[in-house]
Amino acid sequence: MPYLRLALDVPLARLFDYELADADASAVGKRAVVSFGRRALVGMVIEVADSPADAGVAIKPVEALLDDLPTLPADILDLLQFCADYYQHPLGQVVHTALPGRFREIAPYRVAPACAYQAVDAEALLDSLPKRASLQRRLAAMLAEPCSEAQLRAESGSAWRLVQAWLEQGQLRQVALSLALPQPVAGPALNPGQAAAVAAITQSAGFACHLLCGITGSGKTEVYLHAIAEVLQRGLQALVLVPEINLTPQLEGRFRQRFPGVEIISLHSGVADGERATGWVRAARGEAAIVLGTRLAVFTPLPRLGLVVVDEEHDASFKQQEGLRYSARDVAVYRARQAQVAIVLGSATPALESWYNAEAGRYKRLALPQRAVAGAQPPSWQLVPTRRQHLADGLHAHTLGAIENRLARGEQSLIFLNRRGYAPVMHCSECGWLAACTRCSARLTVHMRERRLRCHHCGWEERFPPACPGCGNSDMKPLGQGTQRLEELLAQRFPQARVLRIDRDSMRRKGSFEAALKTIHAGEVDILIGTQMLAKGHDFPALTLVAVIGADGGLYSADFRASERLYAQLAQVAGRAGRADKPGEVLIQTDFPEHPLYQALLADNYADFAATELAERKLAGFPPYLYQAVLRAEADTLAEAMQFLQGAVALAPLDEAVTVWDPVAASMMRLANRERAQVLVQSGSRARLGAFLAGWMQALRAERSAKVRWSLDVDPLEL
DNA sequence: AGCACGCCGACT
DNA sequence: GTCGGCGTGCTC
């Protein structure tokens with residue numbers, strides 16, 4: 001009797017055997033419905049064996065072998081096994097985080113073969129529509145040519161319902177999706193740098209990792225599009241990973257425009273479950289040519305994978321911060337190597353890990369030195385020294401003057417302050433009391449308009465205390481600068497200016513961010529105040545001034561990655577200034593104008609910054625010169641967490657190539673009333689660290705710890 | 001993780 | 001006398 005070895009979505013690092021008469025190797029990669037304990041689960045067949053792995057356990061029969069989906073191919077199974085081993089996560093849970101949620105449901109999931117839709121008579125259809133029904137008319141015009149489902153869905157949320165109705169009325173017919181490659185629309189001519197990059201990518205044979213370095217506006221996307229066009233010509237598929245921001249629709253639009261008629265699958269958190277599952281199936285069947293998505297898209301089966309692109313590869317959102325803590329960028333590199341195809345990692349400010357790999361010759365660096373738009377000037381940078389200067393609520397006279405200047409010229413300014421709220425903390429000047437969160441080890445942020453104190457870590461909120469809880473003093477003052485306070489100040493300073501604040505608080509309502517972008521584009525805003533949210537990707541043609549305040553915190557942080565993040569953030573926010581014909585100006589208020597980070601930024605010299613930073617990392621013994629993993633524990637009391645970790649350290653295998661540090665309280669020790677601590681382990685050898693972790697986790701999993709929740713983070717981004 | 005079993009406190 | 005608290009143990 002053959003046995004199916006199943007990966008089940010349970011936190012147990014082993015497979016489970018079930019018997020199925022007349023099963024053979026073709027069952028591998030299919031879903032199976034089984035009874036597990038007292039519940040029914042759907043698992044993935046990993047292996048077919050002649051005998052059970054454990055003799056002496058009663059083995060249940062498989063209830064049903066599902067044949068609805070494309071069989072998970074061997075390369076994806078290998079990829080998932082790699083993730084399970086590398087990140088020390090149970091294979092069953094890896095499988096189920098990698099697949100669309102729908103596939104965890106017991107019902108079969110059927111997807112009709114992809115086909116295109118075309119109007120039987122486009123003119124007649126158009127004539128039958130009301131003049132003002134602009135969406136309907138737009139769709140009808142598109143349908144003169146064959147359109148894919150994804151293409152139609154991308155047009156509007158309600159487009160698909162209209163198409164279905166027209167189909168029923170016999171206005172549309174289904175035509176076979178042409179696999180012959182449609183002609184891409186020609187893009188703008190490439191400059192020499194772009195052309196060289198495209199040539200390097202398309203001419204590399206087998207696996208090659210290209211680090212594409214270019215500032216905002218240097219035309220990285222054009223390079224991707226040309227490289228992808230070449231891959232499509234060869235009848236192959238492309239996988240494009242993008243960070244988790246609301247930029248995906250814009251990029252998707254650009255792809256659809258460039259490759260009309262090509263089935264492009266979009267996979268990100270905004271895509272509904274069913275659509276995600278359908279897209280996955282289409283990609284796995286080879287019907288879709290391009291998969292464009294956030295980190296989860298890295299696991300999509302692509303039988304004819306020809307190219308992988310990771311845009312903004314330094315972005316932290318490629319690392320999942322819970323469950324299977326994978327880095328989609330690193331998994332993508334593994335995948336490209338596995339498929340023996342080229343991968344492009346694009347960024348203006350590459351992760352130092354990637355930069356180091358390029359220095360070591362493992363990655364090929366491709367530089368895009370110039371701005372792609374002819375005549376466009378890079379922004380001019382200026383440091384505004386603030387040490388021993390009088391500041392009007394945090395703004396230097398020079399900064400205020402620059403804003404006034406733009407107002408006079410009818411141009412927009414952006415004040416970048418990565419700290420939302422009114423002020424970072426409420427302070428009693430009598431006794432020195434500071435408002436702190438009762439559930440976290442964090443300060444409460446002052447939100448003046450709502451007259452509330454809020455914890456930005458756990459979401460706790462409370463009303464302003466009427467008097468200081470420490471000494472009863474009623475004169476409490478907000479300390480420091482936040483976006484709300486800045487908004488208030490600027491509105492006072494420039495009463496004639498239209499001020500708009502963009503942060504997580506002001507953009508809480510759905511659609512408000514899109515609305516805000518519209519207002520900015522319409523020129524109905526003079527001064528923008530923004531956090532992180534505004535730093536990425538959006539183009540504001542009328543914006544000519546970016547003033548950065550409060551950046552110095554990133555210079556001397558306890559976190560060794562803080563300066564890398566600061567550089568990337570400043571480079572990114574500077575990219576918002578001065579597009580098209582108007583030159584932009586970037587002002588950075590700082591107490592440390594001589595700091596090498598700012599000097600490198602001013603010279604637009606990432607190479608210099610990276611070299612300095614890498615030298616420091618080497619000296620201090622930090623990644624990428626060492627590999628790290630963190631064992632995190634969380635319990636009701638710190639003592640319990642620490643005790644667990646001390647026990648864990650005692651269980652650690654001995655390996656002189658691996659350093660196990662003492663347990664310490666986490667930097668955010670208390671979060672939402674749970675105490676957190678961690679153990680750092682590191683090694684100069686990735687292989688030795690991997691073997692160590694495997695042994696350690698095995699020993700640790702044998703222990704039972706009811707009160708403590710723990711997890712392992714391999715290659716952690718934050719300690 | 002679920003989901004059971006099991007053994008002690010406050011309720012109709 | 002039962003309902004239900006969550007500690008402990010198991011899942012092919």
Side-chain angles (χ1 to χ4, degrees), chain A residues 1-25 27-66 72 77 80-81 83-85 87-107 273 296 320-326 631-637 639-641 643-644 647-648 651 671-676 697-713:
Chain A
M1 177 78 89
Y3 296 90
L4 302 188
R5 214 145 276 169
L6 298 188
L8 296 171
D9 188 17
V10 288
L12 301 169
R14 76 189 107 120
L15 301 177
F16 292 88
D17 290 345
Y18 288 83
E19 55 180 32
L20 177 65
D22 61 87
D24 59 34
V28 172
K30 290 193 166 84
R31 299 191 301 157
V33 180
V34 294
S35 128
F36 183 73
R38 231 133 295 198
R39 59 207 166 116
L41 286 181
V42 45
M44 179 60 65
V45 182
I46 300 298
E47 242 179 278
V48 179
D50 294 330
S51 58
D54 288 336
V57 282
I59 290 187
K60 294 182 184 177
V62 169
E63 310 266 321
L65 191 63
L66 299 180
L72 209 59
L77 284 169
L80 298 176
Q81 185 65 60
C83 287
D85 295 340
Y87 294 107
Q88 291 298 325
H89 206 67
L91 181 60
Q93 297 203 297
V94 173
V95 168
H96 289 273
T97 36
L99 296 181
R102 273 293 164 88
F103 300 164
R104 242 171 302 181
E105 292 167 18
I106 286 168
D273 274 4
L296 55 91
Q320 175 136 30
Q321 294 291 12
E322 59 183 46
L324 172 65
R325 294 167 171 263
Y326 66 103
L631 180 66
R632 303 177 201 278
E634 181 192 303
D636 287 336
T637 66
E640 283 170 314
Q643 198 182 359
F644 166 82
L651 282 173
L671 187 60
N673 262 349
R674 296 275 290 174
E675 303 276 352
R676 305 173 326 136
M697 289 304 110
Q698 195 174 26
L700 213 48
R701 281 193 278 254
E703 297 283 295
R704 46 182 53 268
S705 48
K707 291 177 180 171
V708 179
R709 281 175 56 121
W710 59 273
S711 65
L712 184 72
D713 190 349

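The figures that follow rest on heavy atoms only: side chains count, while hydrogens, waters and symmetry mates do not.
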Problem - Residues A:R632 and A:D713 bridged, charged N to O under 4.0 Å - result: yes
Exercise for the section: May I ask you to say what A:F36 touches in the nucleic acid, namely base, sugar-phosphate or nothing, with a heavy-atom cut-off under 4.0 Å? Expected result: base
Practice task
Indicate, with a heavy-atom threshold strictly under 4.0 Å, whether A:R14 touches base, sugar-phosphate, or nothing.
Solution key: base
Handout entry: Gap between atoms CZ and P, on A:R701 and C:dT11 respectively (whole Å)
Key = 18 Å
Exercise for the section: Figure out the CD/P separation between A:E63 and C:dT11, and round it to whole Å. Expected result: 17 Å
Exercise for the section: Have a look at A:L12 and say if it touches a base, only the backbone sugar-phosphate, or nothing, with a 4.0 Å heavy-atom cut-off. Expected result: base
Practice task
Starting at atom CD of A:E640, determine the distance to atom C1' of C:dG7, rounded to an integer number of angstrom.
Solution key: 14 Å
Problem - Short side-chain to backbone donor-acceptor contact, A:Y87 and A:G323, under 3.5 Å - result: no
Problem - Partner residues of A:E634 under the side chain to side chain donor-acceptor pair (under 3.5 Å) criterion, sequence neighbours left out - result: A:R674
Problem - Nearest-angstrom distance from the residue atom CG of A:D17 to P of C:dC12 - result: 11 Å
Exercise for the section: Rounded to the nearest angstrom, tell me the gap between atom CG in A:L4 and atom C1' in C:dC12. Expected result: 11 Å
Practice task
Report the distance from atom CG of A:L41 to atom C1' of C:dT11, rounded to the nearest whole Å.
Solution key: 10 Å
Problem - Contact check, side chains of A:L15 and A:L91, non-hydrogen atoms, under 4.5 Å - result: yes
Handout entry: Nearest-angstrom distance from the residue atom CZ of A:R38 to P of B:dC5
Key = 6 Å
Practice task
Using a heavy-atom cut-off of under 4.0 Å over every strand shown, decide if A:D9 touches base, sugar-phosphate, or nothing.
Solution key: nothing
Exercise for the section: Describe the nucleic acid contact of A:A53 in one word from base, sugar-phosphate, nothing, applying a heavy-atom distance below 4.0 Å. Expected result: nothing
Exercise for the section: Could you tell me the separation between the CD atom of A:E19 and the P atom of C:dC12, rounded to a whole number of Å? Expected result: 12 Å
